[in-house]
Amino acid sequence: MSHSIFEELQWRGMVYDSIDGVQQMLANEKVTVYNGFDVTADSLHVGHIVPLIALARLQRFGHHPIALAGGGTTMIGDPSGKKSERSLLPVETIREYAEAIKGQLAHFLDFESKTNPAKVLNNADWLTSLNMIEFMRDIGKNFTVNYMLAKDSVRTRLEREEGLSFTEFTYMLLQSYDFLYLYDHYGCRLQTGGSDQWGNITAGVELVRRMRAEQVYGMVYPLITKADGTKFGKTEGGSVWLDPKRTSPYRFYQFWLNTEDKDVVNYLKYFTFLEHPVIDDLAAAVVERPEAREAQRKLAGVMTATVHGETALARADQASQALFGGDISGLSAAEISDIFSDVPSCELPKTQLEGAGLPVADLLVTAGVAKSKGEARRSLQEGGIYINNHRVSAENPAAGLGDMLEGQFIVLRKGKKNYTLVKVIG
RNA sequence: GGGCGGUUACCCAAGUGGCCAACGGGGACUGACUGUAAAUCAGUUGGAGACACUCCUUCGGAGGUUCGAAUCCUUCACCGCCCA
């Protein structure tokens with residue numbers, strides 16, 4: 001790594017905008033840098049990885065990263081990038097979430113470093129005890145409403161029907177105060193974030209300049225987009241989370257594996273620490289033999305290993321090969337339960353399969369594959385249902401004892417990729 | 001506090017007494033084609049059944065008018081704009 005961190009980030013396409021002077025500062029000194037994370041759930045999702053991994057990159061270049069859990073600001077709700085007013089979470093809930101998220105940060109950041117260990121802070125620690133009169137007098141005085149109204153996040157909301165509450169309007173003041181606080185207490189001189197945070201970040205820079213007469217800096221990352229214009233980080237089941245209880249390692253692995261050709265090289269740059277030549281080679285592979293999907297495999301492998309560990313990766317990879325490789329009927333009971341350990345499952349009493357068997361439509365509802373019998377019937381008509389990887393095409397199909405694998409499993413599949421394991425008991 | 005406008009399915013949005021389980025678009029799901037990709041094309045998108053037919057529940061909530069209401073009336077809640 002002979003080049004600078006700023007050049008590194010630029011090469012990876014991660015510098016969307018920055019305040020002049022950032023490059024020089026990062027080259028000349030080891031700075032403390034912070035990035036805020038909203039705590040609207042008890043887990044981060046893949047959308048959080050870009051700023052998180054950027055912090056990790058900065059750390060590798062010797063800078064001091066602070067991951068700030070927005071325990072205080074989440075109570076207010078950031079209007080940036082939101083179409084409508086957000087419902088507020090109970091204070092206690094936010095605290096619990098912030099705790100849960102701390103553990104996930106450790107997958108990326110090094111807290112043990114002797115020279116520049118990462119820190120996790122929660123802005124609830126200083127925001128919740130603020131005195132309103134003092135805040136308005138000392139902080140609020142530094143901002144004109146005109147300035148605040150000019151911010152994108154505010155303006156777009158004013159143009160919409162829903163409007164913008166005073167609470168949300170003040171959000172930028174609180175985030176600015178965070179920057180001031182971290183500057184005062186930790187010597188923090190750089191704030192990073194997604195490009196939607198530009199307004200909030202520059203407001204903080206402005207506040208420090210006015211109150212401390214010091215120049216601090218901001219840098220924002222591009223919003224991750226997909227080539228087809230849809231939102232990054234969502235799949236059938238909603239967001240892709242880092243918490244294995246919310247998104248299993250298998251699904252996590254599959255999420256990355258399914259990345260489009262057009263996006264995969266960008267993602268390798270954004271999300272991995274792979275060296276430039278390695279990424280260049282993979283980029284070439286995408287062009288020359290796209291069907292091999294080497295870049296996607298590498299991406300999925302690296303991400304799964306980072307977040308869930310090597311063991312989980314091995315299992316996810318093995319499961320993927322078995323499920324998409326072909327015949328599953330030759331697998332042993334042990335292999336099946338291993339491969340499907342991540343996949344949704346349900347239990348079914350054996351008695352239901354006896355005699356005439358259980359209508360497949362009912363089985364789909366019981367297994368949670370379909371929400372209603374109508375939906376189940378529809379899926380069957382569409383030819384989208386498979387039992388043990390064989391399409392169900394009968395008129396009024398029923399599942400019987402003969403459909404069990406190894407005497408205890410039935411593998412249901414809807415469409416190409418949605419598996420559910422039925423465990424026959426009793 | 002006053003005036004006006006609004007609340008329809010996952011989202012946007014039509015419909016303003018019967019032809020409405022409700023136009024259209026987006027999204028999502030399934031299929032064909034493929035490389036577990038994209039693009040394209042086709043189908044599906046409230047529930048139940050004896051499933052080319054019937055029944056039930058839905059248009060912010062509750063009541064009412066009517067043979068019949070998403071549509072009219074009353075009232076409550078929420079949202080927006082304007083005035084104070």
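Convention: sequence-line order gives letters A, B, ...; per-chain numbering from 1.
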Asker: Mark yes or no for a side-chain to base donor-acceptor pair under 3.5 Å between A/K416 and B/U34, with no hydrogen or angle criteria applied.
Answerer: yes
Asker: How long is the line joining CH2 of A/W256 and P of B/G35, in whole Å?
Answerer: 25 Å
Asker: Using a 3.5 Å distance criterion without hydrogens, assess whether the side chain of A/R391 forms a donor-acceptor pair with backbone atoms of A/G383.
Answerer: yes
Asker: Does A/K102 pair with A/E99 as a salt bridge, N-O distance under 4.0 Å?
Answerer: yes
Asker: Among A/Y217, A/F179, A/Y34, find the one that has a side chain to side chain contact (heavy atoms under 4.5 Å, CB included) with A/L190.
Answerer: A/Y217
Asker: Determine the Euclidean distance between corresponding C1' atoms of B/G17 and B/C53; express it in Å to zero decimal places.
Answerer: 28 Å
Asker: Choosing from B/G35, B/A38, B/U36, which nucleotide comes nearest the side chain of A/S320?
Answerer: B/U36
Asker: A/S18 side chain to A/M219 main-chain N or O, any donor-acceptor pair under 3.5 Å?
Answerer: no
Asker: Below 3.5 Å, does any donor atom in the side chain of A/R378 face an acceptor in the base of B/C29, or the other way round?
Answerer: no
Asker: Any base atoms under 4.0 Å from A/Q381, or only sugar-phosphate, or nothing? Heavy atoms, all strands.
Answerer: nothing
Asker: Taking only N and O in the side chain of A/R377, is any of them less than 4.0 Å away from OP1 or OP2 of B/G49?
Answerer: yes
Asker: To the nearest angstrom, how far is A/L257 atom CG from B/G35 atom C1'?
Answerer: 11 Å
Asker: What residues, two or more places apart in sequence or in another chain, satisfy ring pair (Phe, Tyr, Trp, His ring centres under 6.0 Å) together with A/F273?
Answerer: none
Asker: OP1, OP2 of B/G31 versus side-chain N and O of A/Y386: anything below 4.0 Å?
Answerer: yes
Asker: Please determine if A/E206 and A/R210 form a salt bridge, counting it only when a charged side-chain N lies under 4.0 Å from a carboxylate O.
Answerer: yes
Asker: Could you report the tightest heavy-atom contact between A/R95 and A/D125, atom names first, then the distance?
Answerer: NH1-OD1, 4.3 Å
Asker: Using a 4.0 Å heavy-atom cut-off across all strands, classify A/Y253 as base, sugar-phosphate, or nothing.
Answerer: nothing
Asker: Using a strict threshold of under 4.0 Å (side-chain N to carboxylate O), is an ion pair present between A/R137 and A/E134?
Answerer: no
Asker: Report which part of the nucleic acid A/R391 touches: base, sugar-phosphate, or nothing (heavy-atom distance under 4.0 Å, all strands).
Answerer: sugar-phosphate
Asker: Closest to the A/S372 side chain: B/G47, B/A37, B/G35?
Answerer: B/G47
Asker: Quick one: A/L364 CG to B/C29 C1', roughly how many Å, whole number?
Answerer: 14 Å
Asker: If only side-chain N and O atoms of A/K373 are considered, is one of them under 4.0 Å from the OP1 or OP2 phosphate oxygen of B/G49?
Answerer: yes
Asker: When the nearest nucleotide of RNA chain B is assigned to A/K262 and to A/D362 on a heavy-atom basis, which residue is associated with the more 5' position?
Answerer: A/K262
Asker: Charged N to carboxylate O under 4.0 angstrom, A/R293 versus A/D261?
Answerer: no
Asker: Could you tell me whether A/S379 contacts a base, only the sugar-phosphate backbone, or nothing, with contacts defined as non-hydrogen atoms closer than 4.0 Å?
Answerer: nothing
Asker: For Watson-Crick and G-U wobble pairs within 3.5 Å on both distances, what is RNA chain B written in dot-bracket notation, | included for inter-strand pairing?
Answerer: ((((((((.[[[..)..(.....]]]((((((.......))))))((((...))))...[[[[[..)....]]]]]))))))).
Asker: Whether A/N418 contacts B/U30 is assessed here as follows: a side-chain N or O lying under 4.0 Å from the phosphate OP1 or OP2. Is that the case?
Answerer: yes
Asker: Between the protein and nucleotides 41-43 of chain B, are there any N/O to N/O pairs under 3.5 Å, and if so, what are the atom names and distances?
Answerer:
from: B/G43; atom 1: N2; to: A/E382; atom 2: OE2; distance (Å): 2.9

Asker: To the nearest Å, how far apart are A/E375 CD and B/C10 C1'?
Answerer: 13 Å
Asker: Quick one: A/K371 NZ to B/A9 P, roughly how many Å, whole number?
Answerer: 16 Å
Asker: Backbone N or O of A/D110 within a donor-acceptor pair of the A/Q59 side chain at under 3.5 Å?
Answerer: yes
Asker: Can you check the distance between B/G27 and B/U16, where both ends of the measurement are the C1' atom (answer in whole Å)?
Answerer: 28 Å
Asker: Between A/V365 and A/I385, who's closer to the 5' end of RNA chain B by nearest nucleotide?
Answerer: A/I385
